[in-house]
Amino acid sequence: MNQVAREELKYVKEIREVKDIKEVAQMLSSGKWIAIYATTNEPFVFSMGRTAD
């Protein structure tokens with residue numbers, strides 16, 4: 001993990017595991033969530049981090 005990524009993670013206030021891609025898209029479009037990690041094989045799972053209230 002590079003230094004920039006580590007700096008951003010200190011602002012994460014909540015982490016959620018999400019399996020529904022539509023929910024992931026909605027979270028990202030809100031501007032309050034970032035994608036931290038995603039699996040590359042089915043079942044796809046995304047680790048989402050909330051950075052704002």
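For the single chain, residues carry numbers from 1 onward in sequence order.
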- Query: Going from CD on Glu14 to CH2 on Trp33, what distance comes out if it is rounded to the nearest 0.5 angstrom?
  - Reply: 4.0 Å
- Message: Quick check: is Leu28 connected to Phe46 through a chain of hydrophobic side chains (ILVMFWY, heavy atoms under 4.5 Å apart)?
- Response: yes
- Give a yes or no on whether Val45 and Met48 share a hydrophobic cluster (residues Ile, Leu, Val, Met, Phe, Trp, Tyr; joining criterion: side-chain heavy atoms under 4.5 Å apart). no
- Message: Using a 6.0 Å cut-off, check whether atom NZ of Lys22 has over 12 heavy atoms from anything other than its own residue.
- Response: no
- Which value, rounded to the nearest 0.5 Å, describes the distance between Lys13 atom NZ and Thr51 atom OG1? 7.5 Å
- Message: Looking at Phe44, I want to see if its CZ is surrounded by more than 12 non-hydrogen atoms of other residues, nucleotides or ligands under 6.0 Å.
- Response: yes
- Query: Hey, quick one: are Leu9 and Tyr11 part of the same hydrophobic cluster, counting side-chain heavy atoms closer than 4.5 Å, chains of contacts allowed?
  - Reply: no
- Item | Distance, nearest 0.5 Å, that separates CZ of Arg50 from CD1 of Ile15 | 11.0 Å
